[in-house]
Amino acid sequence: MADDGMAINQPADGVLGRVSDLLFRRPGLLLAILLGPPLIWIGVVYVGSLVALLVQSFYSIDEFSGRIVREFTLKTYAELLRPSNLDIVLRTVLMAASVTLASALIAFPIAFYAARFARGWIKGLFFIAVMLPLWSSYLVRVYAWKLILANEGVLNWSVERVGLTPLVDALLSMPVIGGPSLSFSYIGTFLVFVYLWLPFMILPIQAALERVPGSMLEASDDLGARPGQTFRKVIFPLALPGIVAGSIFTFSLTLGDYIAPQIVGSSRLFIGQAVYMHQGTAGNLPMAAAFSMVPIVVMAIYLWIAKKMGAFNAL
């Protein structure tokens with residue numbers, strides 16, 4: 001037995017054995033080796049790129065030569081406050097807010113049914129149905145919706161069959177959200193955004209509703225509360241962190257997207273399109289960087305509010 005004990009305590013032979021013994025005796029070193037490379041990658045690539053954007057936003061462009069003047073100035077941010085640029089910012093924020101609100105209204109009853117009533121294979125089918133759109137390419141889904149919303153698409157064909165063409169024409173004739181067709185209007189962009197990001201709203205709400213004890217609903221019913229009162233006083237407050245957590249995804253993804261508005265939408269720009277245009281076509285990197293700072297600032301404020309509401313507890 002003594003020989004066995006000595007064999008166990010004896011250091012392993014070879015370089016790999018000594019390294020293994022060192023890592024076993026110093027778990028902190030093992031943790032540093034495992035987390036070091038990804039943290040360095042995040043720090044250099046992600047945080048470094050954000051810092052580079054921030055620095056670029058304080059430069060300006062020479063109006064005559066078109067070259068970047070690498071001197072600290074607030075000229076670019078002053079240009080960002082022009083009415084045309086503020087219109088792009090306001091348009092994007094309003095679209096993100098409307099998509100988030102619509103997604104929450106659609107997702108809540110779906111998530112509530114899945115959390116409180118779905119069982120067994122039905123619940124498995126629910127998760128497949130929610131996740132299935134995410135298994136296909138983003139571009140495929142957007143281009144599919146462009147075909148669906150076109151004048152010759154299946155949606156207009158269905159609307160014509162049920163006699164609702166005058167309603168669609170009335171919506172398209174509205175001055176701000178309308179257009180020549182659903183695929184060239186803010187209405188179409190809104191529908192595509194809701195479709196794209198709806199799963200990111202359903203799942204956090206469903207997770208939050210799963211945590212609501214059934215005994216609380218029974219106690220509310222025993223105390224004589226009506227269904228509306230139970231929803232306002234019990235269900236909604238407990239599900240609110242999940243709603244806010246889902247809104248973080250839908251709001252931020254809409255705020256920074258530029259592909260969907262480019263394919264389905266009007267000629268008016270969103271923030272992502274403005275960044276792409278200034279960085280690529282116009283060659284105005286300081287203005288592109290200044291536009292890039294807007295979603296970062298907006299999301300920082302939004303995440304701070306969400307943290308105060310306990311949204312990260314439902315992630």
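Worth saying up front: this structure is predicted, and the values here are computed from it rather than measured.
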Between [X] and [Y], is any pair of side-chain heavy atoms under 4.5 Å apart?
X	Y	result
F249	M201	no
I187	L171	yes
F184	L149	no
M293	L53	yes
P199	I202	no

Inset, instruction - Could you please spell out the steps behind the side chain to side chain contact (heavy atoms under 4.5 Å, CB included) verdict for F231 and F112? - result: CA-CA 11 Å; F231 175 80; F112 185 80; over 6 Å; no

Can [Y] be reached from [X] by stepping across I, L, V, M, F, W or Y side chains whose heavy atoms are under 4.5 Å apart?
X	Y	result
W145	L147	no
F291	I296	yes
M174	V168	yes
V47	L54	yes
L101	V244	no

Inset, instruction - Please indicate whether R226 has more than 12 foreign heavy atoms, meaning atoms of other residues, nucleotides or ligands, lying under 6.0 Å from its CZ. - result: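 At most 12 heavy atoms, drawn from other residues, nucleotides or ligands, come within 6.0 Å of this atom.
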
Inset, instruction - Step through the shown structure and confirm whether more than 12 heavy atoms of other residues, nucleotides or ligands are within 6.0 Å of CZ on F236. - result: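 No, because the 6.0 Å sphere around CZ of F236 holds 12 heavy atoms or fewer from other groups.
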
N/O donor to acceptor pairs below 3.5 angstrom from side-chain atoms of residues 122-135, sequence neighbours left out:
from : atom 1 : to   : atom 2 : distance (Å)
K123 : NZ     : E210 : OE2    : 2.3
W135 : NE1    : M131 : O      : 3.4

Smallest separation among heavy atoms of [X] and [Y], with atom names:
X	Y	value
A111	I205	CB-CG2, 3.6 Å
T76	S60	OG1-CA, 3.7 Å
S181	N151	CB-OD1, 3.1 Å
E160	T165	CA-OG1, 3.3 Å
K146	I263	NZ-O, 3.0 Å
D257	A260	OD1-N, 3.0 Å

Spatial distance of atom [atom1] ([X]) from atom [atom2] ([Y]) [nearest 0.5 Å]:
X	Y	atom1	atom2	answer
K75	Y59	NZ	OH	15.5 Å
M95	T100	CE	OG1	11.0 Å
S158	L164	OG	CG	10.5 Å
Q229	I235	CD	CD1	12.5 Å
M287	S292	CE	OG	11.0 Å
I271	L255	CD1	CG	5.0 Å

Legend entry - Distance-only polar pair, side chains of W197 and S103, donor-acceptor under 3.5 Å: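 There is no such pair between these side chains.
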
Inset, instruction - Check whether any side-chain N or O of T189 sits under 3.5 Å from a backbone N or O of V264 as a donor-acceptor pair, and report yes or no. - result: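 Between the backbone of V264 and the side chain of T189 there is a qualifying donor-acceptor contact (under 3.5 Å).
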
Inset, instruction - Might you work through the side chain to side chain contact (heavy atoms under 4.5 Å, CB included) test for I68 and R70, ending with a clear yes or no? - result: CA-CA 6 Å; I68 298 176; R70 301 183 183 277; 4.2 Å; yes

Inset, instruction - Identify which one of V93, L80, V275, N85 satisfies the side-chain contact (heavy atoms from CB on, under 4.5 Å) criterion when paired with V294. - result: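 Answer to the side-chain contact (heavy atoms from CB on, under 4.5 Å) test with V294 among V93, L80, V275, N85: L80.
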
Specify whether [X] and [Y] have parallel, tilted or perpendicular ring planes, treating 30° as the upper limit for parallel and 60° as the lower limit for perpendicular.
X	Y	result
F58	F72	parallel
Y258	Y276	parallel
F193	F270	perpendicular

Legend entry - side chain to side chain contact (heavy atoms under 4.5 Å, CB included) assessment of L269 paired with M277: CA-CA 9 Å; L269 299 178; M277 181 190 69; 3.9 Å; yes

Legend entry - Verdict with reasoning, S247 to Y302, per side chain to side chain contact (heavy atoms under 4.5 Å, CB included): CA-CA 10 Å; S247 70; Y302 193 83; 2.5 Å; yes

